[in-house]
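Taking it in order: structure first as structure tokens, then the write-up.
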Amino acid sequence: MQRIGVFVCHCGTNIAATVDVKAVAEALGHEPGVVISQEYQYMCSESGQELVKNAIKEQKLTGVVICSCSPRMHENTFRKAAASAGLNPYLVEIANIREQCSWIHKDIATATEKAIILGRTAVAKVHLNTPLTSMESPVVKRALVIGGGIAGIQTALDIAEAGFDVDIVEKNPTIGGKMAQIDKTFPTLDCAACILTPKMVEASQNERITIHSFSEVADVKGFVGNFTVKIKKKARFVDETKCTGCGLCTEKCPMKKVPNEFNMGLDNRSAIYIPFAQAVPKVATIDPNYCMMMKSGKCGVCSKVCSAGAIDYKQQDTFIEQQYGAIVVATGFNPIKLDKYDEFAYNQCPDVVTSLELERLMNAAGPNGGTLLRPSDKSHPHTIVFVQCVGSRCDDEKGKPYCSKICCMYTAKHAMLIREKYPDTEVYVFYIDVRTPGKNFDEFYRRAVEQYNVHYIKGMVGKVTPKSDGKIDVQASDLLAGEQLHINADMVVLAAAIEPDKTARPLATMLTTQMDTNDFFTEAHPKLRPVESATAGIFLSGACQGPKDIPETVAQASAAAAKAIGLLCKNSITCNPCVAHSDELMCNGCSSCEKVCPYGAITYVDKEFRMPDRSTKVRRVASVNPAVCQGCGACTVACPSGAMDLSGFSNSQIMAEVDAICK
Amino acid sequence: MNKNLKEQVLRSSGVNVLKCMRCGKCSATCPSYDEMEYHPHQFVYMVEKGDIETLMKSESIYKCLTCFACVDRCPRGVEPARVVEAVRLAAVRQQGGNRLEPSDIPALLDEDLPQQAIVTAMRKYAK
Amino acid sequence: MQVNENFEPVIVAFCCNWCSYAGADLSGTNRLNYPTNVKIIRVPCSCRVNPMFILRAFQKGADGVIICGCHPGDCHYTSGNYFTRRRITLLYSMLDFLGIERDRTRLEWVSAAEGAKFAATMQQFTEDVKALGPNRRLEDLRCRKQ
Amino acid sequence: MQEAMIKRAKELLADGSVDRVIGWKRGEFAYDITPAVFTSAEELDRDFVCDDFTAANVSKYLVKETQKEGKVLAFLKPCDTYSFNQLVKEHRIDREKVYVIGIEGGPKLDIEKIRAKGITGILGVRNEDYTLKIETIYGTQTMPFYEAVLGKCASCKSKKHVVFDELIGEDGDVLDSNRFEMVEKLENMTAQERFDFWRDQLSKCIRCNACRNVCPACTCENCVFDNPKSGIDNKAPADSFEENMFHIIRAFHVAGRCTDCGECSRVCPQHIPLHLLNRKFIKDINELYGEYQAGADTTSRAPLTDYNKDDCEPSIVHERGVE
């Protein structure tokens, strides 16, 4: 005979304000098998849990139903409480009467009625719950970091520091990411390269870190503690192990008209190239789209000058497969394309640039050697207009609905640097709001205004028109003065919105992690688990999760590393016991279940059965590996005979819930 | 604040003025800016406040060219030109509110004026 | 068929734990109202929903059944919702073939971020089922409520 | 053909290649034919029959037969070979234990259609140049052969043997059949008309389980309708269970696995056109997921254990439906 306890939570007024909790407890007390039905202010509190524990012991409960918030919130809390009182944790069911009842309904009568039905449904299910025991599964002591920007580098360094092997997969020929392209960093104005490149070198020299540059993740299988990842090492046509990075090939290469990605296409590089001086690994890469040898078979200069004999025009993509216990995603961001913003004339006028292009124009290793010159005529600009929020905070299909977060600060930085270096230059910043929440951030912005005399104008630029004299007419509104301005500018800098890297979406599919509508990875909990994805063993680092500046990125990178280390430290992890199992007596051995299993958890064995007439019969039957099964239940529906069932979500349990709702 | 008028303008324009983030790009882009007493962003803001009679009395409602530059460039999809139009309609629909009478037309005609402009003007400025 | 103004349909919603159930929670967190008629059953994945459950619900007197899962490609278990899509398409087509009203069944992809979509979907589905009136074609008379 | 089959069966039994033969034997009446297992030349001579009434698909019996010791000789008509293949694919039949002789298929006769002409007291039926000479206790009567053909043979999908070890007679081709005509007709009705049609048909069901027991796709060790743990067990006709659950679930269970052999409708004592449910699934699968014939091979993935990332959404039911 079942002895079920029902506990209804007020959640302060969160539930009690719209659900008559007393009536719910009273009504559920009359359900079959229920021996105790109580309500309490906060069930999840220490004393609330104590109430449940005492009832389990005193009433010898065989099942517990908690009517409270979402099971995604406190299922574990109550399972632990039950376990500590000696009840199998899987004999606890949660009826979600907060998120799915009190918070969405206003009428007390109907909300109470619904809460009773939800409670009744949980009672009906718990009648059929069975005690479950978790299995243990071993953890591979190696982590994979996808993306080699500052986020990936920091995560890898921290994990390696803790004594675990880490692999970094970077799609570009070098690690470093966006930070390598940045000139100075706010709010301290120290040089980005000076603080980044030592970290890059550290990563390359750390014996626990393996860098797979110019590589991509091709396939991910497995689950937390035991992922199998296939990494595609793209052919760079240079033997990484032989190349010394001397750079002679890049000097001698006759094909020098290739747009230089590192400098945002503002100058050119050769067909065989090393992205920048401090690249890690410092290895040349041949761009097959431009290499004359690859295209026409005529040239081979690099091969001739390479004393190491590293050039290999016949190199193919190769694949390596590796096991990992944890995966950290650090795929970063890109500025959006501005093709759709005709009003800013970005595509018509070379002197209208994005902020990232400005970084390169001002960088000592950039196309102008650090002197800020107009891209069109290499002249010194006297008037520069900055436009904020280009594509950010947009409610249309052209832009992004979110604030890109970093633009206010880097624009203040640019304005300040320009005024510092070229005091004869007038700098205008058109802003909607200046957002500077961060340590020393607002002070930094105020310095730009007060100390450097940058003209901050509240308003937006409506139209940018290149003129025949090489100047640019910037038409804008000054909302505080109530006028429409025309500024005769030399350069316009657009603070383009940032978006997640395009590789993130297919990666999320491979990792079975969730993304939001903007393709940012979704964290397991927006407040309490910001660096974990909802998929166990997958962690999030840096701007792939949302717009971030460098300090925040590094903080999150270390946090993700800490979470990954926490996982790798364990020798084994407890598996979800809600897995599939096959009733051998009913199994036909038809292989339907095996075909739909995404984890390959099902195998077949020939098993001998004793028949009623005492003869024996050998039949092929399915067998589920509970450590591999993740409990999706695809097999249970594919199984024609109903031999396959899912613990915790069994056919009879779900049907009991259906019946209780329809009653 | 005139609640009825506000509701009428909101309904006839179909614009959600609360979407405005007050960036002023509409006014930055407006070719009639200097002609107008109240500018596109002010229209949106004043409609939000319900201060519509002021706008109805202003010449600004006839200065908008309905070029839709503001509609095209508004990052929030607010469509200020529709707000201006709605206020103008509210004005011309009042008794005696017609901006243009058929009898005014002969005086306005000149050889280069396309016929269509007259028709458009009638449509815009009279009920 | 007579239209009963006071008809309150019973609607069973199967929601996958990872996306749609979280989406439903989000609509709660954001206080987005949808009718009390909808009662949610949590399943690990939409592919756990056996067609038997749907028929069972109708037999027991449900007036509408809706299945919600992760968007195709976003399944927590990689491929579960692709199987769901085939099974449910065929089942719904069969129910249609048997003359059951099409608007009583629905499949919707709702992500964990789409609280608003969840609420709007439930609102719409409830209205659609309400317009159809009580399920008489698939219920078991013995289960009918007095 | 019957003589050739008996001769070959005796040879194979004699040289020890097979231990048993599965075929058909006559029952009380000439048209009352049942599948049977033969173990000796004498039994074959005495009882083995293959004529215009041997419509039964014997492949399902091989599930049990191949679980026993020794090898079985099976005579399979083209339609039976599809069922056989499907069972091999699902590991229900051990292919090694069966020697398959492909024989020519139908059309086979439907005794009910002869009776429907008012002909009773039937002793025997002969086909003379596509005119049936029916011996009855009241004398000889005649009717055109094609008016007495089984429904499943009238819409035959294939004369090709998809699997055999040897053939007696000729192999044929996959036919261009009209088997979806009735499904289409129903699809073009209104929902109310369809509902009325099916209510009319399915309410006749007496839950004799003949459809399930004859179905070569229904070989479960323990059927869900017999299993109290399944939650949908139900043994006797009860209210609307047959209309609302039994036949829908049964059709869904065999969806993607049904070879359209038509046995369900052949054996239904209430003459419910059950094959239409299966054909609806087959037609949907063909249209939505590409042509698929269950049992045509033993390696391809069944449509319900497979997917495409760009499969249609269930809303297609709304989009393409009538009304």
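Both the backbone and the side chain of A:M586 come within less than 4.5 Å of a heavy atom in chain D. Proximity to chain D is limited to the side chain of A:D583, based on heavy atoms less than 4.5 angstrom apart. In this structure, the portion of A:C587 lying under 4.5 Å from any heavy atom of chain D is its backbone and not its side chain.
Remark: A:L132 engages A:Y90, A:T130, A:P577, A:C578, A:S647 in a side-chain contact (heavy atoms from CB on, under 4.5 Å) (not counting sequence neighbours).
Most heavy-atom pairs under 4.5 Å with chain D: of the set A:G642, A:P640, A:S591, this distinction falls to A:P640. Looking only at heavy-atom pairs under 4.5 Å with chain A, the residue among D:C223, D:C220, D:A217 that has the most is D:C220. Taking A:G589, A:C593, A:S652, A:C590 one by one and counting their heavy-atom pairs under 4.5 Å with chain D, the maximum is reached by A:C590.
With respect to A:K232 and A:D317, a salt bridge is recorded, a charged nitrogen being found less than 4.0 Å from a carboxylate O. The pair D:K60-D:E65 does not meet the salt-bridge criterion, since no charged nitrogen lies less than 4.0 angstrom from a carboxylate oxygen. Electrostatic pairing of A:R619 and A:E608 does not count as a salt bridge here, judged by no charged N lying under 4.0 Å from a carboxylate O. Remark: A:E216 does not engage A:K171 in a salt bridge, criterion side-chain N to carboxylate O under 4.0 Å. Using a cutoff of 4.0 Å between basic side-chain nitrogens and carboxylate oxygens, D:K280 and D:D284 are scored as salt-bridged.
Residues D:Q67 and A:K617 bring a donor and an acceptor atom of their side chains to less than 3.5 Å of each other. For the residue pair A:N518 and A:E499, no side-chain donor N or O sits within less than 3.5 Å of a side-chain acceptor on the partner.
Of all residues in residues 290-313 of chain D, those placing a non-hydrogen atom less than 4.5 angstrom from a non-hydrogen atom of chain A are D:R301, D:L304, D:T305.
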